[in-house]
Amino acid sequence: MSIKIKEGKFKDRVTDEMKNDFMRKAVSGAQDSLGNRRLTSTDKLGDWESWRTAGSEIRKHTIDNLVHYLSMLSEQISAKGGHVYFAETDEDARNYIKEVVRNKNATKVVKSKSMVTEEIGLNTALEEIGCEVVETDLGEYILQVDDHDPPSHIVAPALHKKKEQIRDLFVEKLGYDKTEDPGELAKHARKMLREKFLGAEIGITGCNFAVAETGTICIVTNEGNARMVTTIPKTQITVMGMERLVPSLEDLDIMVSLLTRAAVGQPISSYVTLLNGPKAEEEVDGPEDLHVVIVDNGRSKILGTEFQDILNCIRCGACLNVCPVYRHIGGHSYGSIYQGPVGAVLTPLLDGYDDHKDLPYASTLCGACTDVCPVKIPLHDLLLKHRQEIVEQGGRAPISEKLLMKAFGFGASSGGLYESGTKIASVSLKMLLRNKETISNGPGMMKEWTNSKEFPTLKTSRFRDWMSKHESEKKHEER
Amino acid sequence: MRVTLFSTCLVDLFYSNVGISTVELLEKLGCEVDYPKGQICCGQPAYNSGYKKDAKTAMKQLIKTFDDAEYVVTPSGSCALMLREYGHIFADDEKWAARSKALSVKTYELTDFIVNVLGIDSIPSTLQGKAVFHTSCHMTRLLGVKEEPKLLLSNVEKLEMKPLANAQNCCGFGGTFSVKMGDISAEMVQEKTRSIQEADVDYVIGADCGCLMNIGGRLKREKQDVEVLHIAEVLNRGMGV
């Protein structure tokens with residue numbers, strides 16, 4: 001897998017996905033329940049706005065001083081005996097990791113959840129050199145067993161799957177013979193995974209936050225699988241996006257407090273794992289060899305641009321959980337491993353406009369994403385900036401739309417044009433109407449509206465006509 | 001007090017009743033309403049589609065038109081928000097920076113103006129029946145006008161305000177979104193009209209004609225017997241001075 005997960009047009013994907021009633025029910029149900037849980041957990045914290053401000057300042061400060069903190073992190077990890085590799089591209093990252101695996105003569109790899117490894121297509125690369133790569137996050141495991149079905153939510157990757165579907169999948173692929181009860185399904189997955197953990201030679205993890213001052217890697221999970229991945233295999237490879245760090249442990253405290261609440265409405269997740277280098281002599285477990293792969297893959301190009309704030313993202317998924325568009329179209333419609341508002345901002349930046357130019361328009365700019373973001377990323381503004389970029393620099397906007405907007409500019413700046421134009425429009429609209437109050441079947445672009453809604457008619461007299469009369473009546477009264 | 005009305009293009013062309021109610025209401029509240037004819041559109045349709053240059057042409061027209069205004073009041077949270085953004089949009093433009101900023105500062109959404117500038121939170125008006133209020137996204141989240149319309153509606157006689165499920169979710173209008181992404185917009189508005197149906201009310205009240213055109217258009221298609229009203233129409237109803 002890489003960033004792009006599906007071929008074809010955005011609109012076709014949307015049409016297909018919106019037919020999936022189960023997915024839509026699952027997504028809206030998750031939005032409603034997560035929304036309530038988030039509000040309860042943030043209320044309990046006290047002044048959530050101050051927490052957001054603090055989180056936003058930490059992220060801004062870190063990204064503004066990224067080079068400084070990355071070199072600090074690198075020094076700290078190296079001092080503890082870990083290896084740090086800066087991968088400029090996804091290919092560099094894959095090659096380095098393949099090299100580590102080859103040097104160990106390893107074939108058995110277990111992974112905890114990591115978006116950046118999806119982004120760089122790591123699993124396929126390792127499978128190509130003969131490794132068995134097993135995802136150990138339950139959601140990711142289900143998707144992997146289902147022939148690498150792509151994730152549909154940053155935090156809950158298998159949100160679109162019914163428990164009955166998962167049962168059938170387990171029966172077909174994993175010799176399962178029980179019911180669709182989630183507890184039983186999870187128990188079976190745990191049994192299967194336990195064997196994989198015990199036999200694994202290499203553990204690969206993502207990284208929620210790396211702490212620059214201490215060289216600590218922090219992994220936040222609810223299933224404890226990242227603990228297994230980082231304690232049993234002799235070699236650990238942690239892959240992190242180059243922006244995923246904080247200066248200090250105090251900052252980490254604030255960020256984790258924000259993350260678990262914004263993501264799933266929990267005051268803290270079941271496991272918050274802090275790893276400090278490879279196993280020291282006096283320690284009883286942990287990897288003997290630790291590699292931290294810091295992935296750029298287009299991120300440094302975002303630095304210093306008007307899109308820089310997107311690097312503040314902590315991948316909590318809260319913006320997906322409130323987005324009214326995501327609510328109806330689900331994750332797969334976006335055609336990217338990063339979905340929802342954050343995906344619509346990030347995907348074109350990392351993977352270009354060619355395949356993703358529709359994403360910035362998949363928003364009403366309602367601002368729900370900006371409002372919920374625990375680190376105050378102005379997501380709807382960034383979507384708007386993408387639109388400006390597409391129109392002004394990209395040359396990718398449809399010509400008909402460009403002409404329409406040109407005409408808009410003229411019409412809305414010239415009193416005379418507006419005056420005559422609105423009168424002509426009034427007449428032509430009336431011709432469509434045949435004495436009806438509203439238009440039910442409009443032409444051209446209006447059809448997109450009238451497919452589902454009535455369109456109002458222009459009034460015979462505009463408001464300004466009434467106002468002129470009103471003003472002269474007033475004057476008359478005064479006299 | 002002299003108030004300059006920005007009617008918005010939607011009101012001028014489609015919803016003259018909303019404009020009329022706004023003028024009558026402001027006059028009853030003691031304002032002298034001024035309406036410069038050079039006003040056309042705030043530029044939002046082009047701006048939110050990414051056409052900044054074309055939008056700025058429209059914006060300059062409004063800046064010129066409202067140069068002499070003391071307060072610019074508009075019956076739309078979304079258009080008020082757009083005008084409030086002018087200051088940022090022209091910040092680097094020497095010729096327009098000061099004038100655009102001045103306009104941003106003196107622009108108010110209608111209920112915000114009534115409650116926070118005129119200092120009035122109760123208007124003697126009457127509407128018999130049950131209603132839900134549609135909280136427009138731009139007005140609520142981005143302009144930050146949340147409580148003012150609710151406060152004014154709570155003081156309308158004989159009107160029972162009911163809660164609306166998932167009120168915070170966008171109705172699917174989004175300006176050009178409604179014709180660029182018509183299918184998604186349709187699903188969004190249908191969820192909204194389902195919630196309205198479940199609320200079992202006589203009226204949907206809002207403060208933005210864009211949202212009301214969208215919701216009203218769908219209610220009409222579904223032949224739901226619910227009347228769509230702008231808050232100015234409600235506050236102007238049965239109001240004797």
Side-chain angles (χ1 to χ4, degrees), chain A residues 11 14-15 18 32 322 324-325 327-329 361-368 370-371 384 386-392 397 401-402 405-406 408-415 418 422 425-426 438 440 445-449 451-459 461-464 466-467 470-471, chain B residues 5 7 9 11-16 18-20 23 35 37-38 40-41 43 45-58 60-61 137-138 141-142 166 168-175 177-191 213-214 216-218 220-221:
Chain A
K11 283 202 168 183
V14 167
T15 307
M18 287 204 305
D32 297 346
V322 297
V325 171
R327 184 179 182 86
H328 292 284
I329 69 175
Y361 299 93
S363 163
T364 59
L365 305 180
C366 75
T370 300
D371 222 28
L384 181 55
H386 266 311
R387 296 180 187 185
Q388 286 167 1
E389 194 82 6
I390 288 167
V391 169
E392 279 158 25
E401 186 183 271
K402 279 188 177 166
M405 291 303 171
K406 253 298 158 268
F408 170 86
F410 280 129
S413 60
S414 149
Y418 178 82
T422 53
S426 170
T438 52
S440 306
M445 231 173 155
M446 199 194 274
K447 201 168 160 45
E448 289 261 345
W449 179 286
N451 277 341
S452 62
K453 295 164 281 208
E454 298 291 304
F455 193 80
T457 62
L458 290 175
K459 297 287 172 282
S461 111
R462 297 163 304 178
F463 166 70
R464 63 182 58 216
W466 177 88
M467 195 66 197
H470 181 69
E471 278 170 341
Chain B
L5 175 68
S7 65
C9 52
V11 165
D12 191 26
L13 300 176
F14 297 106
Y15 298 102
S16 48
V18 174
I20 295 167
V23 173
Y35 188 78
K37 296 291 190 298
I40 299 175
C41 171
Y47 188 73
N48 281 1
S49 304
Y51 292 81
K52 199 170 174 178
K53 224 174 101 195
D54 299 315
K56 278 170 132 178
T57 316
K60 285 175 186 169
Q61 171 72 14
C137 303
H138 284 175
R141 291 200 189 93
L142 304 177
N166 287 317
Q168 77 285 355
N169 279 352
C170 173
C171 70
F173 176 60
F177 175 85
S178 60
V179 287
K180 245 181 134 77
M181 301 270 169
D183 293 346
I184 307 174
S185 173
E187 296 297 321
M188 291 165 76
V189 75
Q190 281 172 59
E191 189 179 5
M213 179 163 106
N214 189 49
R218 181 64 201 172
K220 198 164 165 72
R221 178 64 56 89

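Residue numbering restarts at 1 for every chain, and letters A, B, ... go by the order of the sequence lines.
A salt bridge between Asp12(B) and Arg462(A) is absent, with no side-chain N of the basic residue lying under 4.0 Å from a carboxylate O of the acidic one. Asp32(A) and Arg327(A) are joined by a salt bridge, as a carboxylate oxygen and a charged side-chain nitrogen come within less than 4.0 angstrom of each other. A salt bridge is absent between Lys56(B) and Glu392(A): the closest approach of a Lys/Arg side-chain nitrogen to an acidic carboxylate oxygen does not fall below 4.0 angstrom.
Both the backbone and the side chain of Ser440(A) have a heavy atom closer than 4.5 Å to some heavy atom of chain B. Heavy atoms closer than 4.5 Å to chain A are found in the side chain of Asn166(B), but not in its backbone. Neither the backbone nor the side chain of Lys447(A) comes within contact range of chain B; no heavy atoms are under 4.5 Å apart. The contact between Leu365(A) and chain B is made by backbone and side chain atoms together, counting heavy-atom distances below 4.5 Å. With a threshold of 4.5 angstrom between heavy atoms, His386(A) does not approach chain B through any atom at all. The contact between Val23(B) and chain A is made entirely by side chain atoms (from C-beta outward), counting heavy-atom distances below 4.5 Å.
Shortest non-hydrogen contact noted between Ala55(B) and Tyr47(B) is CB-N, 3.5 Å. The two atoms that bring Gly172(B) and Ser185(B) nearest to each other are O-OG, 2.6 Å, heavy atoms only. The minimum heavy-atom distance linking Phe408(A) with Gly43(B) is given by the pair CZ-CA, 3.7 Å.
Every residue two or more places apart in sequence or in another chain was checked for a ring-ring contact (aromatic ring centres under 6.0 Å, His included) with His328(A), and none qualifies. Legend: residues meeting side chain to side chain donor-acceptor pair (under 3.5 Å) with Glu401(A), ordered by chain and number and at least two apart, are Tyr51(B), Lys180(B).
Residue with the most contacts toward chain A among Gly174(B), Ser7(B), Gly182(B), Gly217(B): Gly217(B) (heavy-atom pairs, distance under 4.5 Å). Contact tally against chain A (heavy-atom pairs below 4.5 Å) for Leu142(B), Val11(B), Val18(B): the top residue is Leu142(B). Looking only at heavy-atom pairs under 4.5 Å with chain A, the residue among Ile184(B), Asp183(B), Leu5(B) that has the most is Ile184(B). Note on Met188(B), Gln168(B), Lys60(B): by heavy-atom pairs under 4.5 Å with chain A, the leading option is Met188(B). The most heavy-atom pairs under 4.5 Å with chain A, out of His138(B), Lys37(B), Lys53(B), come from Lys37(B). Counting heavy-atom pairs under 4.5 Å between each of Arg387(A), Lys453(A), Glu471(A), Lys11(A) and chain B puts Lys453(A) at the top. When each of Val14(A), Val322(A), Val325(A) is checked for heavy-atom pairs under 4.5 Å with chain B, Val325(A) comes out on top.
For the atom pair CD1 (Ile329(A)) and CD (Glu187(B)), the distance works out to 11.0 Å, reported to the nearest 0.5 Å.
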